Amino acid sequence: NILLGITTKITCVILGLNYDNSGAYIFNAGLQFKYFKLGYSYDMTVSKLTNATFGSHEIQIIGFIPYRFYKPCPIKTIRFI
């Protein structure tokens, strides 16, 4: 499967929209804090399975493990990724 989408974060609010080529649109929203994220997703089926399933709801609770990261010396160059 191929999953295409876009997600944006404005302060602590996360909003996203994805498309799965197996026939589903995925809407997600959430709040991200320093050590955890609370999220909600709805997978809307648009394939032939629509009559059998009207989509699914997901609730996410994700924890982040804090660690020390020492930044290397800054390199002032133009980067193409």
Side-chain angles (χ1 to χ4, degrees):
N1 288 344
I2 297 175
L3 181 67
L4 302 171
I6 187 166
T7 302
T8 186
K9 179 181 168 193
I10 302 169
T11 61
C12 66
V13 177
I14 298 171
L15 297 172
L17 174 64
N18 300 303
Y19 174 72
D20 186 355
N21 70 337
S22 65
Y25 287 103
I26 303 163
F27 305 99
N28 52 11
L31 297 172
Q32 182 171 335
F33 302 100
K34 187 174 182 178
Y35 296 113
F36 68 96
K37 173 183 164 185
L38 297 172
Y40 168 78
S41 296
Y42 176 68
D43 300 355
M44 183 176 69
T45 308
V46 291
S47 68
K48 294 178 182 180
L49 293 175
T50 303
N51 294 336
T53 65
F54 297 107
S56 64
H57 302 272
E58 299 174 5
I59 296 176
Q60 309 162 355
I61 300 173
I62 301 170
F64 303 116
I65 300 171
Y67 66 95
R68 289 192 108 157
F69 181 73
Y70 298 102
K71 293 183 181 179
C73 297
I75 300 171
K76 297 185 181 195
T77 61
I78 297 174
R79 298 179 186 184
F80 297 99
I81 300 174

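Note that the coordinates shown come from a computational prediction; the quantities given were computed from them, not determined experimentally. Sequence positions, counted from 1, serve as the residue numbers for this chain.
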Residues which pass side-chain hydrogen bond (donor to acceptor under 3.5 Å, both in side chains) with D20, listed by chain and number, not counting sequence neighbours: S22
Drop me the distance from L3's CG to N18's CG, to the nearest 0.5 angstrom. 4.5 Å
Going by side chain to side chain contact (heavy atoms under 4.5 Å, CB included), name the residues that satisfy it together with F27, two or more places apart in sequence or in a different chain. L17, Y25, Y42, M44
Ignoring hydrogens and angles, write down the donor-acceptor pairs under 3.5 Å from the side chains of residues 31-41, residues two or more places apart or on other chains.
from, atom 1, to, atom 2, distance (Å)
Y40, OH, H57, ND1, 2.5
S41, OG, Q60, NE2, 3.2

Step-by-step side-chain contact (heavy atoms from CB on, under 4.5 Å) determination, I14 to T7: CA-CA 7 Å; I14 298 171; T7 302; 3.6 Å; yes
By side chain to side chain contact (heavy atoms under 4.5 Å, CB included), L15 pairs with (sequence neighbours left out) T8, V13, A29
Under a single-linkage rule joining Ile, Leu, Val, Met, Phe, Trp and Tyr whose side-chain heavy atoms are separated by less than 4.5 Å, which residues share a cluster with I62? F64
